[in-house]
Protein chains: 2
Amino acid sequence: MQAVPKAEIAASAHDRVYRGLRTRIMHGQMAPGQALTLRGIGREFDVSMTPAREAVNRLVAEGALTMSSSGRVSTPELSNERIEELAALRALIEVELASRALPRAHIALIDRLQTINATIADVVSNRDSVGYIRTNLEFHRTLYLRAQAPAMLAMAETVWLQLGPTMRALYGRLRRSEPPQYHRLIIAALKAGDEPGLRLAVRSDVTQGLRMLAG
Amino acid sequence: MQAVPKAEIAASAHDRVYRGLRTRIMHGQMAPGQALTLRGIGREFDVSMTPAREAVNRLVAEGALTMSSSGRVSTPELSNERIEELAALRALIEVELASRALPRAHIALIDRLQTINATIADVVSNRDSVGYIRTNLEFHRTLYLRAQAPAMLAMAETVWLQLGPTMRALYGRLRRSEPPQYHRLIIAALKAGDEPGLRLAVRSDVTQGLRMLAG
DNA sequence: GCGCCGAAAATGTGATCACAAACAAGCCAT
DNA sequence: ATGGCTTGTTTGTGATCACATTTTCGGCGC
């Protein structure tokens with residue numbers, strides 16, 4: 001019924017729900033403005049309202065969901081000012097993370113980044129926008145993990161989370177056909193140990209997509 | 001029993017608890033490692049365990065409290081690496097906020113900052129460390145509110161929250177007797193419209209206190 | 001004195017329930 | 001037909017409870 005009957009780590013119910021909703025939002029599987037109900041979430045994850053409410057409250061606190069004055073929750077529809085602000089936050093934090101990862105970026109990491117980049121080319125040719133968002137985030141997270149800065153990475157992921165539904169709306173309608181050009185620049189700067197070039201490449205990659213939405 | 005019997009806005013119970021605990025943590029009224037129980041919180045705020053648990057979960061999600069594997073919560077005891085990281089985040093975000101506030105900083109704002117700064121001198125002479133932390137944060141928040149960047153300000157406040165108990169431990173034992181020198185530099189740079197000077201002053205003010213802790 | 005074990009108290013978790021507010025749909029009057 | 005009112009349904013909120021786990025503490029053996 002509760003606690004942990006399993007011998008394994010066995011995450012709590014509210015954590016399962018939280019993680020499920022979180023990746024769904026971050027990967028752009030929900031459109032902006034989409035509504036959610038506690039009982040519906042409970043049914044879907046086979047839990048009662050209590051853990052569903054905990055998960056939803058946590059996501060609201062992180063800005064991944066918005067709550068109306070009557071308590072109804074839905075994915076946010078961001079204003080252009082908010083989008084610009086979040087893009088600026090991405091640039092600030094992720095440039096710092098990349099810079100801290102640079103001294104520790106060995107060849108194995110660069111190889112992994114190139115593999116992920118090839119996967120991005122695949123999903124782009126398949127017009128799979130949620131696959132694109134997920135793989136793109138994996139590219140960035142793989143790099144930033146090397147920075148050994150968990151608090152900064154958590155901040156960056158919170159920003160990604162807030163932009164999730166907006167990114168879906170963005171990439172869903174612009175239907176790009178080529179992989180992101182700046183990823184190649186990032187890899188090149190990593191290989192060359194070029195810190196200013198890396199900072200510029202990351203900043204460009206982060207602000208590129210969002211610019212056309214706010215324009 | 002629930003909902004909103006009052007005619008006013010009437011915040012929900014979990015929000016009252018959340019806000020109460022939040023300011024207590026952010027202002028340094030709790031020592032690092034201090035334990036909390038749901039039933040104790042419920043007794044203190046006169047609510048049941050449910051809203052107490054919601055408030056605690058939210059604070060855990062924001063990094064203001066840590067939860068052991070058995071679910072017990074306490075204020076965090078940060079490692080030096082984590083402190084350095086959070087200080088770097090403060091520097092990144094707050095320098096940007098100050099820079100964005102600069103073009104909108106009129107004389108009324110500067111007057112207000114000087115008033116707050118005078119209050120800081122008072123509480124410092126009274127050896128009131130929680131008053132110092134609260135007024136110092138008020139100084140920064142007053143400036144950053146002018147940046148019109150709510151997402152960035154929320155990020156900065158989350159970092160303050162995580163540093164709350166540590167700041168208490170820090171300022172509680174170093175017993176400074178003079179008001180922060182860099183606040184005067186911030187005000188001077190605002191008056192002169194000197195953006196590089198402002199960035200440097202804010203970065204210095206933010207990293208100054210934490211440096212001696214990690215050293 | 002010191003360490004270990006077992007019972008009792010404390011604590012977190014999640015299900016269930018009652019209730020108020022919000023929303024939706026239908027109905028009537030004009 | 002349309003606007004306002006009413007009723008029924010949906011939804012979030014918070015209290016209460018049962019239960020597993022953890023923690024605490026007293027006592028016993030060595």
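All values reported here derive from a predicted model rather than from experimental measurement. Below, chain A is the first sequence line, B the second, and so on; all start at residue 1. Reckoned from all heavy atoms, side chains included, excluding hydrogens, waters and symmetry mates.
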Using whole Å, report how far OH of B/Y18 lies from C1' of D/dT13.
-> 19 Å
Considering only NZ, NE, NH1 and NH2 on the basic side and carboxylate oxygens on the acidic side, decide whether A/E84 and B/R100 come within less than 4.0 Å.
-> yes
With rounding to the nearest 0.5 Å, note down the distance linking CD1 in A/I41 to CG in A/L21.
-> 5.0 Å
Figure out the CZ/P separation between A/R58 and C/dT13, and round it to whole Å.
-> 12 Å
Counting only heavy atoms not in A/N126, do more than 12 sit closer than 6.0 Å to its CG atom?
-> yes
Please report, rounded to the nearest Å, how far the P atom of D/dT22 is from the CE atom of B/M67.
-> 14 Å
Check the distance between D/dT13's P and A/I41's CD1 and give it to me in whole angstrom.
-> 12 Å
N-O pairing of A/D15 and A/R58 below 4.0 Å = yes
Side chain B/E85, main chain A/M152, donor-acceptor under 3.5 Å = yes
Please test A/E157 against A/Y144 for side-chain contact (heavy atoms from CB on, under 4.5 Å), starting from the C-alpha separation and ending with a verdict.
-> CA-CA 11 Å; A/E157 295 200 335; A/Y144 304 151; over 6 Å; no
B/N57 CG - C/dG14 C1' separation (whole Å) = 12 Å
Return the 5'-most residue of the pair A/S69, B/T37 with respect to DNA chain C, ranking by each residue's nearest nucleotide.
-> B/T37
Base, sugar-phosphate alone, or nothing: which one does A/L36 contact when heavy atoms must sit under 4.0 Å apart?
-> sugar-phosphate
What residues in residues 45-56 of chain B put a non-hydrogen atom under 4.0 Å from any atom of DNA chain C?
-> B/M49, B/R53
Given atom CZ of A/R16 and atom C1' of C/dG14, what is their separation to the nearest angstrom?
-> 12 Å
Kindly say if B/S70 contacts the phosphate of D/dT23, meaning a side-chain N or O under 4.0 Å from OP1 or OP2.
-> yes
Among D/dT13, D/dT10, C/dT11, the one nearest B/R72 by side-chain distance = C/dT11
Would one find a side-chain N or O of B/H14 under 4.0 angstrom from OP1 or OP2 of D/dG14?
-> yes
B/I120 backbone acceptor or donor facing B/T135 side chain under 3.5 Å | no
Rounded interatomic separation in angstrom, taking CG from B/D15 and P from D/dG14 | 9 Å
Measure from CZ on B/R39 to P on D/dA15 and round the result to the nearest Å.
-> 14 Å
